[in-house]
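Scroll down for the structure; my scribbles are underneath it.
No experiment lies behind these values; they were computed from the predicted model shown. First the proteins, then the strands, lettered A, B, ... as listed; each starts at 1.
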2 protein chains.
Amino acid sequence: MAGVEPSKTRQVYLVLRDRIAGGRLDDQGTLPPEQALAAEYGVSRVTVRRALAELEQEGLIARRRGAGTFVLGAGGAKPIVADFSDVLANLVAMGRETAVRLLAFDYREPSAAIASTLKLNAGEKTQFSVRVRLIDGQPFSHLTTHVPQRIGVTYTEADLAARPLLSLLERSGVQIERATQEVTAVLATPDVAAALDVEVGSALLGTTRTVFAADGSGVEHLSALYRPDRYALHMEMVRTEAAGVRRWATVLAPAAGDRITKKAS
Amino acid sequence: MAGVEPSKTRQVYLVLRDRIAGGRLDDQGTLPPEQALAAEYGVSRVTVRRALAELEQEGLIARRRGAGTFVLGAGGAKPIVADFSDVLANLVAMGRETAVRLLAFDYREPSAAIASTLKLNAGEKTQFSVRVRLIDGQPFSHLTTHVPQRIGVTYTEADLAARPLLSLLERSGVQIERATQEVTAVLATPDVAAALDVEVGSALLGTTRTVFAADGSGVEHLSALYRPDRYALHMEMVRTEAAGVRRWATVLAPAAGDRITKKAS
DNA sequence: TTTAAATGTACAGTATATGATACAACTTGA
DNA sequence: TCAAGTTGTATCATATACTGTACATTTAAA
(Lines give C-alpha, C1' and ligand atoms only; values in the text may rest on other atoms or scores of the structure.)
Protein backbone atom coordinates (compact mmCIF):
# COMPACT_ATOMS: atom_id res chain seq x y z
CA MET A 1 0.00 0.00 0.00
CA ALA A 2 2.58 2.51 -1.08
CA GLY A 3 1.75 6.17 -0.96
CA VAL A 4 -0.82 6.06 1.77
CA GLU A 5 1.53 7.23 4.47
CA PRO A 6 2.16 10.96 4.76
CA SER A 7 5.32 12.15 3.07
CA LYS A 8 8.35 12.61 5.27
CA THR A 9 8.33 16.33 4.68
CA ARG A 10 4.76 16.46 5.86
CA GLN A 11 5.42 14.38 8.94
CA VAL A 12 8.27 16.65 9.96
CA TYR A 13 6.13 19.67 9.20
CA LEU A 14 3.28 18.39 11.34
CA VAL A 15 5.49 17.47 14.23
CA LEU A 16 7.26 20.80 14.25
CA ARG A 17 4.06 22.75 13.90
CA ASP A 18 2.61 20.85 16.78
CA ARG A 19 5.69 21.43 18.92
CA ILE A 20 5.47 25.13 18.22
CA ALA A 21 1.76 25.32 18.90
CA GLY A 22 2.17 23.44 22.15
CA GLY A 23 5.19 25.45 23.21
CA ARG A 24 7.24 22.29 23.55
CA LEU A 25 10.59 23.89 22.76
CA ASP A 26 13.92 22.89 24.16
CA ASP A 27 14.94 26.33 25.33
CA GLN A 28 13.78 29.83 24.79
CA GLY A 29 12.01 30.14 21.48
CA THR A 30 14.80 28.49 19.54
CA LEU A 31 14.33 25.41 17.44
CA PRO A 32 17.18 22.88 17.28
CA PRO A 33 19.52 23.26 14.29
CA GLU A 34 18.54 21.63 11.05
CA GLN A 35 21.15 18.92 11.36
CA ALA A 36 19.87 17.95 14.79
CA LEU A 37 16.28 17.82 13.56
CA ALA A 38 17.33 15.73 10.59
CA ALA A 39 19.05 13.26 12.89
CA GLU A 40 16.17 13.22 15.35
CA TYR A 41 13.59 12.40 12.72
CA GLY A 42 15.79 10.21 10.59
CA VAL A 43 15.48 12.28 7.45
CA SER A 44 17.85 14.38 5.37
CA ARG A 45 18.52 18.00 6.12
CA VAL A 46 16.90 18.90 2.82
CA THR A 47 13.62 17.43 4.01
CA VAL A 48 13.79 19.28 7.29
CA ARG A 49 14.43 22.48 5.39
CA ARG A 50 11.37 21.98 3.26
CA ALA A 51 9.21 21.64 6.37
CA LEU A 52 10.83 24.69 7.92
CA ALA A 53 10.28 26.69 4.75
CA GLU A 54 6.56 26.01 4.98
CA LEU A 55 6.45 26.99 8.62
CA GLU A 56 8.29 30.16 7.79
CA GLN A 57 5.88 31.03 5.02
CA GLU A 58 3.02 30.55 7.45
CA GLY A 59 4.68 33.04 9.74
CA LEU A 60 5.22 30.58 12.57
CA ILE A 61 9.00 30.80 12.63
CA ALA A 62 11.77 33.13 11.57
CA ARG A 63 15.09 31.83 10.28
CA ARG A 64 18.27 33.81 10.49
CA ARG A 65 21.28 32.68 8.53
CA GLY A 66 24.09 31.78 10.82
CA ALA A 67 22.00 32.31 13.92
CA GLY A 68 19.23 29.78 14.02
CA THR A 69 15.49 29.24 13.74
CA PHE A 70 13.23 31.10 16.10
CA VAL A 71 9.61 30.63 17.02
CA LEU A 72 7.56 33.76 16.61
CA GLY A 73 5.32 34.59 19.53
CA ALA A 74 1.60 35.21 19.36
CA GLY A 75 0.93 33.36 16.17
CA GLY A 76 -1.06 35.02 13.46
CA ALA A 77 -4.69 36.02 13.14
CA LYS A 78 -6.76 34.43 15.83
CA PRO A 79 -10.02 32.71 14.99
CA ILE A 80 -13.40 34.19 15.66
CA VAL A 81 -14.33 32.88 19.05
CA ALA A 82 -18.02 32.30 18.93
CA ASP A 83 -20.34 31.28 21.66
CA PHE A 84 -22.74 28.71 20.28
CA SER A 85 -25.71 30.39 21.91
CA ASP A 86 -25.92 32.91 19.14
CA VAL A 87 -23.12 33.01 16.70
CA LEU A 88 -24.49 35.40 14.15
CA ALA A 89 -25.73 37.96 16.62
CA ASN A 90 -22.29 38.06 18.12
CA LEU A 91 -20.60 38.53 14.81
CA VAL A 92 -22.89 41.32 13.77
CA ALA A 93 -22.57 43.01 17.13
CA MET A 94 -18.82 42.86 16.77
CA GLY A 95 -19.17 45.01 13.72
CA ARG A 96 -17.75 42.40 11.45
CA GLU A 97 -19.02 42.32 7.94
CA THR A 98 -20.55 39.00 7.01
CA ALA A 99 -21.72 37.84 3.62
CA VAL A 100 -23.29 34.70 2.26
CA ARG A 101 -22.62 32.80 -0.92
CA LEU A 102 -25.51 30.58 -1.93
CA LEU A 103 -24.12 27.50 -3.67
CA ALA A 104 -27.26 25.39 -3.97
CA PHE A 105 -30.98 25.83 -3.58
CA ASP A 106 -33.49 23.18 -4.61
CA TYR A 107 -36.00 20.63 -3.41
CA ARG A 108 -35.01 17.05 -3.13
CA GLU A 109 -35.62 13.69 -1.55
CA PRO A 110 -33.56 13.59 1.66
CA SER A 111 -31.49 10.62 2.74
CA ALA A 112 -33.11 8.15 5.08
CA ALA A 113 -31.04 9.42 7.99
CA ILE A 114 -32.18 12.99 7.58
CA ALA A 115 -35.78 11.98 6.94
CA SER A 116 -35.93 10.07 10.19
CA THR A 117 -34.15 12.78 12.17
CA LEU A 118 -36.68 15.35 10.98
CA LYS A 119 -39.53 12.84 11.43
CA LEU A 120 -40.73 13.40 7.88
CA ASN A 121 -43.64 11.57 6.36
CA ALA A 122 -42.78 8.97 3.75
CA GLY A 123 -41.89 10.61 0.46
CA GLU A 124 -41.86 14.11 1.88
CA LYS A 125 -39.28 16.29 0.19
CA THR A 126 -37.01 18.90 1.71
CA GLN A 127 -35.77 22.28 0.75
CA PHE A 128 -32.04 21.80 0.33
CA SER A 129 -29.42 24.49 0.44
CA VAL A 130 -25.68 24.92 0.62
CA ARG A 131 -24.27 28.23 1.80
CA VAL A 132 -20.82 29.55 2.50
CA ARG A 133 -20.53 32.32 5.01
CA LEU A 134 -17.78 34.89 4.75
CA ILE A 135 -16.43 37.28 7.30
CA ASP A 136 -14.52 40.28 6.03
CA GLY A 137 -14.49 38.60 2.64
CA GLN A 138 -12.97 35.37 3.92
CA PRO A 139 -14.95 32.13 3.94
CA PHE A 140 -15.22 30.48 7.32
CA SER A 141 -18.27 28.23 7.32
CA HIS A 142 -19.97 25.81 4.95
CA LEU A 143 -23.63 25.19 5.76
CA THR A 144 -25.83 22.46 4.36
CA THR A 145 -29.48 22.55 5.37
CA HIS A 146 -32.60 20.48 4.93
CA VAL A 147 -36.00 21.97 5.74
CA PRO A 148 -39.32 20.14 5.25
CA GLN A 149 -40.81 21.33 2.00
CA ARG A 150 -44.02 22.66 3.57
CA ILE A 151 -41.88 25.10 5.56
CA GLY A 152 -39.23 25.58 2.94
CA VAL A 153 -41.67 27.09 0.45
CA THR A 154 -42.14 30.13 2.71
CA TYR A 155 -38.82 31.60 1.66
CA THR A 156 -37.08 32.15 -1.64
CA GLU A 157 -33.56 31.81 -2.91
CA ALA A 158 -33.06 35.55 -2.46
CA ASP A 159 -34.33 35.38 1.11
CA LEU A 160 -31.82 32.73 1.97
CA ALA A 161 -28.97 34.67 0.46
CA ALA A 162 -29.87 37.70 2.51
CA ARG A 163 -31.03 36.54 5.92
CA PRO A 164 -30.21 33.79 8.41
CA LEU A 165 -32.32 30.71 7.90
CA LEU A 166 -33.47 30.70 11.49
CA SER A 167 -35.04 34.13 11.15
CA LEU A 168 -36.77 33.04 7.96
CA LEU A 169 -38.22 30.07 9.76
CA GLU A 170 -39.51 32.21 12.59
CA ARG A 171 -40.92 34.68 10.09
CA SER A 172 -42.91 31.82 8.58
CA GLY A 173 -44.70 31.39 11.87
CA VAL A 174 -42.97 28.24 13.04
CA GLN A 175 -42.69 28.05 16.81
CA ILE A 176 -39.09 27.07 17.31
CA GLU A 177 -38.59 25.44 20.64
CA ARG A 178 -35.47 23.36 20.98
CA ALA A 179 -32.51 21.92 19.15
CA THR A 180 -29.92 19.22 19.54
CA GLN A 181 -26.39 19.75 18.37
CA GLU A 182 -23.38 17.51 17.98
CA VAL A 183 -19.83 18.61 17.43
CA THR A 184 -17.17 16.51 15.75
CA ALA A 185 -14.09 16.87 13.59
CA VAL A 186 -13.95 15.88 9.94
CA LEU A 187 -11.55 16.14 7.03
CA ALA A 188 -12.17 18.56 4.20
CA THR A 189 -13.49 16.88 1.07
CA PRO A 190 -12.64 18.47 -2.28
CA ASP A 191 -15.93 20.33 -2.68
CA VAL A 192 -15.87 21.78 0.81
CA ALA A 193 -12.16 22.45 0.60
CA ALA A 194 -12.70 24.53 -2.53
CA ALA A 195 -15.58 26.46 -0.98
CA LEU A 196 -13.65 27.24 2.18
CA ASP A 197 -10.33 27.83 0.45
CA VAL A 198 -8.44 25.18 2.39
CA GLU A 199 -6.54 22.12 1.28
CA VAL A 200 -8.15 18.76 0.86
CA GLY A 201 -7.55 16.80 4.04
CA SER A 202 -7.53 19.77 6.35
CA ALA A 203 -9.24 19.37 9.70
CA LEU A 204 -12.62 21.06 9.98
CA LEU A 205 -14.90 21.57 12.92
CA GLY A 206 -18.24 20.00 12.14
CA THR A 207 -21.54 20.54 13.86
CA THR A 208 -24.85 18.90 13.13
CA ARG A 209 -27.91 20.64 14.45
CA THR A 210 -31.53 19.58 14.37
CA VAL A 211 -34.14 22.17 15.23
CA PHE A 212 -37.60 21.22 16.47
CA ALA A 213 -40.84 23.14 16.71
CA ALA A 214 -43.08 23.33 19.75
CA ASP A 215 -45.19 20.47 18.42
CA GLY A 216 -42.12 18.23 18.26
CA SER A 217 -41.83 18.21 14.48
CA GLY A 218 -38.45 18.66 12.86
CA VAL A 219 -37.94 22.07 11.31
CA GLU A 220 -34.34 22.22 10.17
CA HIS A 221 -31.40 19.93 9.79
CA LEU A 222 -28.10 21.78 9.57
CA SER A 223 -24.68 20.39 8.86
CA ALA A 224 -22.06 23.07 9.37
CA LEU A 225 -18.34 22.87 8.70
CA TYR A 226 -15.99 25.52 10.04
CA ARG A 227 -12.41 26.45 9.35
CA PRO A 228 -10.76 26.00 12.73
CA ASP A 229 -8.27 28.77 12.03
CA ARG A 230 -11.14 31.22 11.60
CA TYR A 231 -13.75 29.88 13.93
CA ALA A 232 -13.75 28.23 17.33
CA LEU A 233 -16.56 27.30 19.64
CA HIS A 234 -16.33 28.80 23.06
CA MET A 235 -18.10 27.98 26.30
CA GLU A 236 -18.11 29.49 29.73
CA MET A 237 -18.90 27.09 32.49
CA VAL A 238 -19.44 27.31 36.22
CA ARG A 239 -19.02 24.55 38.77
CA THR A 240 -22.28 23.74 40.48
CA GLU A 241 -23.19 21.38 43.25
CA ALA A 242 -26.64 19.90 43.67
CA ALA A 243 -27.53 16.95 45.87
CA GLY A 244 -23.84 16.30 46.49
CA VAL A 245 -23.14 15.93 42.76
CA ARG A 246 -20.66 18.35 41.31
CA ARG A 247 -20.88 19.18 37.66
CA TRP A 248 -20.47 21.92 35.14
CA ALA A 249 -23.21 24.22 33.96
CA THR A 250 -22.85 26.48 30.96
CA VAL A 251 -23.21 30.18 31.28
CA LEU A 252 -25.11 32.12 28.70
CA ALA A 253 -22.60 34.28 26.94
CA PRO A 254 -23.04 37.96 27.66
CA ALA A 255 -24.40 39.96 24.77
CA ALA A 256 -21.55 41.50 22.86
CA GLY A 257 -20.36 44.65 24.54
CA ASP A 258 -21.86 43.70 27.86
CA ARG A 259 -19.96 42.32 30.76
CA ILE A 260 -21.17 39.40 32.85
CA THR A 261 -24.08 41.46 34.19
CA LYS A 262 -26.76 38.92 34.88
CA LYS A 263 -30.12 40.64 34.94
CA ALA A 264 -33.13 38.37 34.98
CA SER A 265 -35.50 39.00 32.06
CA MET B 1 6.78 24.44 -0.62
CA ALA B 2 6.61 21.15 -2.43
CA GLY B 3 6.08 18.03 -0.44
CA VAL B 4 4.29 19.52 2.49
CA GLU B 5 0.86 18.54 1.25
CA PRO B 6 -0.24 14.97 1.78
CA SER B 7 0.21 12.79 -1.29
CA LYS B 8 -2.80 12.49 -3.52
CA THR B 9 -3.27 8.87 -2.68
CA ARG B 10 -3.29 9.78 0.96
CA GLN B 11 -5.72 12.64 0.49
CA VAL B 12 -8.16 10.39 -1.27
CA TYR B 13 -7.64 7.68 1.31
CA LEU B 14 -8.23 10.04 4.24
CA VAL B 15 -11.27 11.65 2.75
CA LEU B 16 -12.87 8.36 1.86
CA ARG B 17 -12.13 6.87 5.25
CA ASP B 18 -13.57 9.93 6.88
CA ARG B 19 -16.68 9.72 4.77
CA ILE B 20 -17.14 6.08 5.65
CA ALA B 21 -16.59 6.71 9.35
CA GLY B 22 -19.07 9.56 9.30
CA GLY B 23 -21.63 7.61 7.30
CA ARG B 24 -21.71 10.37 4.70
CA LEU B 25 -22.52 8.13 1.77
CA ASP B 26 -24.55 9.08 -1.22
CA ASP B 27 -26.92 6.16 -1.11
CA GLN B 28 -27.12 2.86 0.63
CA GLY B 29 -23.66 1.60 1.57
CA THR B 30 -22.30 1.93 -1.95
CA LEU B 31 -19.34 4.05 -2.83
CA PRO B 32 -19.30 5.84 -6.19
CA PRO B 33 -17.43 4.01 -8.97
CA GLU B 34 -13.72 4.52 -9.27
CA GLN B 35 -14.05 6.69 -12.36
CA ALA B 36 -16.45 9.00 -10.58
CA LEU B 37 -14.19 9.27 -7.56
CA ALA B 38 -11.22 9.96 -9.80
CA ALA B 39 -13.12 12.75 -11.51
CA GLU B 40 -14.46 14.14 -8.25
CA TYR B 41 -11.03 14.34 -6.68
CA GLY B 42 -9.16 15.27 -9.82
CA VAL B 43 -6.79 12.31 -9.74
CA SER B 44 -6.26 9.27 -11.89
CA ARG B 45 -8.18 6.11 -11.40
CA VAL B 46 -4.98 4.35 -10.41
CA THR B 47 -4.60 6.70 -7.49
CA VAL B 48 -8.15 6.13 -6.37
CA ARG B 49 -7.53 2.43 -6.57
CA ARG B 50 -4.51 2.67 -4.31
CA ALA B 51 -6.58 4.42 -1.68
CA LEU B 52 -9.38 1.89 -2.05
CA ALA B 53 -6.90 -0.97 -1.76
CA GLU B 54 -5.75 0.36 1.58
CA LEU B 55 -9.32 0.76 2.81
CA GLU B 56 -10.07 -2.76 1.68
CA GLN B 57 -7.06 -4.15 3.51
CA GLU B 58 -8.25 -2.43 6.64
CA GLY B 59 -11.58 -4.15 6.26
CA LEU B 60 -13.58 -0.99 5.84
CA ILE B 61 -14.87 -1.75 2.37
CA ALA B 62 -15.48 -4.71 0.10
CA ARG B 63 -14.92 -4.49 -3.64
CA ARG B 64 -16.70 -6.74 -6.05
CA ARG B 65 -15.51 -6.85 -9.61
CA GLY B 66 -18.19 -5.68 -11.94
CA ALA B 67 -20.51 -4.75 -9.10
CA GLY B 68 -19.00 -1.93 -7.14
CA THR B 69 -17.44 -0.94 -3.84
CA PHE B 70 -19.41 -1.45 -0.67
CA VAL B 71 -18.99 -0.12 2.82
CA LEU B 72 -18.80 -2.84 5.46
CA GLY B 73 -19.82 -2.91 9.08
CA ALA B 74 -22.92 -0.82 8.65
CA GLY B 75 -22.50 2.17 10.88
CA GLY B 76 -19.78 0.51 12.93
CA ALA B 77 -19.36 1.35 16.58
CA LYS B 78 -21.01 4.67 17.19
CA PRO B 79 -19.12 7.30 19.11
CA ILE B 80 -19.76 7.98 22.73
CA VAL B 81 -22.07 10.95 22.72
CA ALA B 82 -20.99 12.99 25.67
CA ASP B 83 -22.53 16.04 27.13
CA PHE B 84 -19.73 18.37 28.04
CA SER B 85 -21.27 19.11 31.44
CA ASP B 86 -19.80 15.99 32.91
CA VAL B 87 -18.27 13.54 30.54
CA LEU B 88 -16.75 11.14 32.96
CA ALA B 89 -19.74 10.90 35.24
CA ASN B 90 -21.82 10.00 32.24
CA LEU B 91 -19.43 7.33 31.10
CA VAL B 92 -19.23 5.74 34.51
CA ALA B 93 -22.98 5.88 34.91
CA MET B 94 -23.36 4.19 31.57
CA GLY B 95 -21.47 1.27 33.02
CA ARG B 96 -18.63 1.61 30.57
CA GLU B 97 -15.23 0.56 31.75
CA THR B 98 -12.70 3.35 31.52
CA ALA B 99 -8.99 3.17 32.11
CA VAL B 100 -6.14 5.63 32.01
CA ARG B 101 -2.65 5.32 30.59
CA LEU B 102 -0.25 7.84 32.08
CA LEU B 103 2.30 8.80 29.43
CA ALA B 104 4.09 11.66 31.17
CA PHE B 105 4.31 13.11 34.64
CA ASP B 106 6.83 15.77 35.59
CA TYR B 107 7.34 19.38 36.57
CA ARG B 108 8.42 21.84 33.95
CA GLU B 109 8.57 25.42 32.85
CA PRO B 110 5.36 26.10 30.89
CA SER B 111 5.25 27.98 27.63
CA ALA B 112 4.54 31.70 27.82
CA ALA B 113 1.02 31.15 26.49
CA ILE B 114 0.10 28.69 29.20
CA ALA B 115 1.80 30.74 31.91
CA SER B 116 -0.24 33.79 31.01
CA THR B 117 -3.48 31.84 30.66
CA LEU B 118 -3.03 30.42 34.16
CA LYS B 119 -1.81 33.79 35.43
CA LEU B 120 1.33 32.25 36.86
CA ASN B 121 4.03 34.24 38.63
CA ALA B 122 7.27 34.66 36.70
CA GLY B 123 9.31 31.49 36.80
CA GLU B 124 6.57 29.43 38.39
CA LYS B 125 6.63 25.83 37.22
CA THR B 126 3.74 23.55 36.43
CA GLN B 127 2.93 19.94 37.01
CA PHE B 128 2.75 18.49 33.51
CA SER B 129 1.00 15.31 32.51
CA VAL B 130 -0.10 13.45 29.43
CA ARG B 131 -2.80 10.84 29.76
CA VAL B 132 -4.69 8.64 27.35
CA ARG B 133 -8.13 7.53 28.36
CA LEU B 134 -9.52 4.23 27.20
CA ILE B 135 -13.05 2.96 27.09
CA ASP B 136 -13.57 -0.77 26.89
CA GLY B 137 -9.87 -1.07 26.16
CA GLN B 138 -9.93 1.37 23.25
CA PRO B 139 -8.20 4.75 23.43
CA PHE B 140 -10.47 7.69 22.74
CA SER B 141 -8.90 10.75 24.34
CA HIS B 142 -5.44 12.27 24.73
CA LEU B 143 -5.17 14.72 27.60
CA THR B 144 -2.33 17.15 28.24
CA THR B 145 -2.54 19.12 31.46
CA HIS B 146 -0.65 21.89 33.21
CA VAL B 147 -1.33 22.60 36.88
CA PRO B 148 0.53 25.23 38.93
CA GLN B 149 3.20 23.45 40.91
CA ARG B 150 1.90 24.58 44.32
CA ILE B 151 -1.30 22.68 43.56
CA GLY B 152 0.30 19.93 41.54
CA VAL B 153 2.33 18.68 44.48
CA THR B 154 -0.84 17.60 46.28
CA TYR B 155 -1.17 14.53 44.10
CA THR B 156 1.16 11.80 42.94
CA GLU B 157 1.71 9.95 39.74
CA ALA B 158 -0.34 7.06 41.10
CA ASP B 159 -3.19 9.41 42.02
CA LEU B 160 -3.34 10.75 38.51
CA ALA B 161 -3.37 7.30 37.00
CA ALA B 162 -6.29 6.32 39.20
CA ARG B 163 -8.58 9.30 39.53
CA PRO B 164 -9.79 12.22 37.41
CA LEU B 165 -7.64 15.28 37.80
CA LEU B 166 -10.58 17.45 38.69
CA SER B 167 -11.41 15.34 41.71
CA LEU B 168 -7.77 15.45 42.81
CA LEU B 169 -7.84 19.22 42.59
CA GLU B 170 -11.01 19.44 44.64
CA ARG B 171 -9.54 17.00 47.18
CA SER B 172 -6.60 19.36 47.58
CA GLY B 173 -8.97 22.02 48.85
CA VAL B 174 -9.02 24.20 45.78
CA GLN B 175 -12.34 25.99 45.34
CA ILE B 176 -13.08 25.40 41.68
CA GLU B 177 -15.44 27.99 40.36
CA ARG B 178 -15.48 28.39 36.63
CA ALA B 179 -13.85 27.33 33.40
CA THR B 180 -13.58 28.46 29.83
CA GLN B 181 -13.47 25.96 27.03
CA GLU B 182 -12.78 26.17 23.33
CA VAL B 183 -13.48 23.53 20.77
CA THR B 184 -11.64 23.19 17.49
CA ALA B 185 -10.52 20.55 15.03
CA VAL B 186 -6.90 19.51 14.52
CA LEU B 187 -4.92 16.93 12.60
CA ALA B 188 -3.31 14.05 14.44
CA THR B 189 0.43 14.48 14.82
CA PRO B 190 2.60 11.36 14.95
CA ASP B 191 2.86 11.21 18.74
CA VAL B 192 -0.85 11.68 19.34
CA ALA B 193 -1.70 9.40 16.45
CA ALA B 194 0.33 6.62 18.04
CA ALA B 195 -1.29 7.13 21.43
CA LEU B 196 -4.82 7.13 20.04
CA ASP B 197 -4.16 4.39 17.51
CA VAL B 198 -5.10 6.50 14.53
CA GLU B 199 -3.09 7.52 11.52
CA VAL B 200 -1.10 10.68 11.23
CA GLY B 201 -3.29 13.31 9.61
CA SER B 202 -6.61 12.06 10.92
CA ALA B 203 -9.11 14.65 12.09
CA LEU B 204 -9.38 15.00 15.85
CA LEU B 205 -11.76 16.99 18.00
CA GLY B 206 -9.71 19.28 20.21
CA THR B 207 -10.81 21.12 23.30
CA THR B 208 -8.79 23.49 25.42
CA ARG B 209 -10.09 24.12 28.90
CA THR B 210 -8.83 26.48 31.55
CA VAL B 211 -10.17 26.04 35.06
CA PHE B 212 -10.18 28.85 37.58
CA ALA B 213 -10.55 28.90 41.36
CA ALA B 214 -12.87 31.16 43.31
CA ASP B 215 -10.05 33.66 43.84
CA GLY B 216 -9.58 33.96 40.08
CA SER B 217 -6.29 32.10 39.92
CA GLY B 218 -5.72 29.51 37.23
CA VAL B 219 -5.90 25.94 38.45
CA GLU B 220 -5.67 23.72 35.42
CA HIS B 221 -4.95 24.03 31.74
CA LEU B 222 -6.20 21.06 29.75
CA SER B 223 -5.66 20.30 26.11
CA ALA B 224 -7.79 17.33 25.11
CA LEU B 225 -7.86 15.54 21.77
CA TYR B 226 -10.64 13.11 20.96
CA ARG B 227 -11.14 10.50 18.27
CA PRO B 228 -14.28 11.68 16.50
CA ASP B 229 -15.30 8.11 15.69
CA ARG B 230 -15.40 7.33 19.40
CA TYR B 231 -16.40 10.60 20.94
CA ALA B 232 -18.71 13.45 20.04
CA LEU B 233 -19.84 16.48 21.96
CA HIS B 234 -23.56 16.86 22.34
CA MET B 235 -25.71 19.80 23.41
CA GLU B 236 -29.37 20.29 24.04
CA MET B 237 -30.59 23.81 23.50
CA VAL B 238 -33.85 25.67 23.97
CA ARG B 239 -34.95 28.82 22.23
CA THR B 240 -35.47 31.64 24.66
CA GLU B 241 -36.68 35.17 24.31
CA ALA B 242 -35.72 37.95 26.67
CA ALA B 243 -36.16 41.65 26.07
CA GLY B 244 -37.15 40.93 22.49
CA VAL B 245 -33.89 39.13 21.75
CA ARG B 246 -34.18 35.53 20.73
CA ARG B 247 -31.30 33.23 21.40
CA TRP B 248 -30.35 29.73 22.39
CA ALA B 249 -29.76 28.56 25.93
CA THR B 250 -28.21 25.23 26.74
CA VAL B 251 -30.01 22.68 28.79
CA LEU B 252 -28.16 20.80 31.46
CA ALA B 253 -28.06 17.22 30.37
CA PRO B 254 -30.10 14.92 32.55
CA ALA B 255 -28.09 12.66 34.81
CA ALA B 256 -27.65 9.32 33.13
CA GLY B 257 -30.71 7.17 33.60
CA ASP B 258 -32.91 10.14 34.43
CA ARG B 259 -35.30 11.72 32.06
CA ILE B 260 -35.59 15.47 31.68
CA THR B 261 -37.07 15.77 35.19
CA LYS B 262 -35.93 19.12 36.38
CA LYS B 263 -35.91 19.15 40.16
CA ALA B 264 -34.39 22.20 41.72
CA SER B 265 -31.51 21.49 44.14
C1' DT C 1 -28.47 -13.15 -24.52
C1' DT C 2 -26.81 -8.80 -24.94
C1' DT C 3 -25.05 -4.60 -23.29
C1' DA C 4 -23.39 -1.30 -20.22
C1' DA C 5 -20.89 -0.59 -16.30
C1' DA C 6 -17.96 -1.85 -12.80
C1' DT C 7 -13.50 -3.66 -10.85
C1' DG C 8 -8.86 -6.14 -11.89
C1' DT C 9 -4.31 -6.11 -14.29
C1' DA C 10 -0.42 -4.42 -16.82
C1' DC C 11 3.00 -1.21 -18.57
C1' DA C 12 5.52 2.78 -19.81
C1' DG C 13 6.40 7.63 -19.43
C1' DT C 14 6.53 11.73 -16.57
C1' DA C 15 6.56 14.27 -12.34
C1' DT C 16 7.74 14.66 -7.67
C1' DA C 17 10.14 13.48 -3.36
C1' DT C 18 14.19 12.30 -1.08
C1' DG C 19 18.91 11.89 -0.34
C1' DA C 20 23.94 12.89 -0.54
C1' DT C 21 27.26 16.21 -1.03
C1' DA C 22 29.67 20.44 -1.45
C1' DC C 23 30.21 25.08 -0.61
C1' DA C 24 28.74 29.98 0.35
C1' DA C 25 27.13 33.50 3.64
C1' DC C 26 26.28 34.91 8.07
C1' DT C 27 26.35 35.02 13.36
C1' DT C 28 28.19 34.36 17.71
C1' DG C 29 31.46 33.93 21.14
C1' DA C 30 36.21 32.98 22.34
C1' DT D 1 40.58 38.14 14.32
C1' DC D 2 39.40 33.46 14.28
C1' DA D 3 36.84 29.28 14.66
C1' DA D 4 32.81 26.83 15.23
C1' DG D 5 28.26 26.54 14.26
C1' DT D 6 24.24 27.82 11.63
C1' DT D 7 21.28 28.80 7.62
C1' DG D 8 21.23 29.52 2.32
C1' DT D 9 22.13 27.69 -2.36
C1' DA D 10 23.19 24.46 -5.88
C1' DT D 11 23.61 20.06 -8.24
C1' DC D 12 23.09 15.36 -9.33
C1' DA D 13 21.37 10.63 -8.58
C1' DT D 14 17.85 7.58 -7.14
C1' DA D 15 13.39 6.14 -5.51
C1' DT D 16 8.69 6.74 -5.41
C1' DA D 17 4.28 8.70 -6.90
C1' DC D 18 1.21 9.74 -10.46
C1' DT D 19 -0.80 9.59 -14.93
C1' DG D 20 -2.61 7.77 -19.24
C1' DT D 21 -3.81 4.03 -21.75
C1' DA D 22 -5.32 -0.41 -23.04
C1' DC D 23 -7.57 -4.49 -22.14
C1' DA D 24 -9.46 -8.42 -19.26
C1' DT D 25 -12.97 -10.12 -16.09
C1' DT D 26 -17.14 -9.97 -13.68
C1' DT D 27 -21.74 -8.26 -12.56
C1' DA D 28 -26.38 -6.69 -13.25
C1' DA D 29 -30.04 -5.12 -15.75
C1' DA D 30 -32.45 -4.62 -20.17
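The separation between Glu56(B) atom CD and dG8(C) atom P is 6 Å, rounded to whole Å. Across the protein-nucleic acid pair, Leu52(B) atom CG and dC18(D) atom P stand 14 Å apart, rounded to whole Å. Atom-to-atom, CD of Glu34(B) to P of dC23(D) comes out at 19 Å; the value is rounded to the nearest Å. Between the CZ atom of Arg64(A) and the C1' atom of dG5(D) there is a distance of 14 Å, given to the nearest Å.
In the helix from dT1(C)-dA30(D) to dA30(C)-dT1(D), the rotation axis of the first five pairs and that of the last five pairs differ in direction by 40°, rounded to 10 degrees.
Within 4.0 Å (heavy atoms only), Arg49(A) reaches at least one base atom of the nucleic acid.
In this structure a side-chain-to-backbone donor-acceptor pair under 3.5 Å is missing from Arg101(A) to Ala195(A).
Among all heavy-atom pairs drawn from Arg10(A) and Glu5(B), the shortest one is CD-C, 3.9 Å.
Mapping Gly66(A) and Arg45(A) onto DNA chain C by nearest heavy atom places Arg45(A) at the nucleotide closer to the 5' end. The nearest heavy atom of DNA chain C to Ser7(A) and to Gln35(B) marks one nucleotide each, and the one closer to the 5' end goes with Gln35(B).
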Polar pairs (N or O, both sides) under 3.5 Å between protein and nucleotides 1-4 of chain C?
none

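When the ring-ring contact (aromatic ring centres under 6.0 Å, His included) test is applied to Phe128(A), the partners found at least two apart in sequence or on another chain are His146(A).
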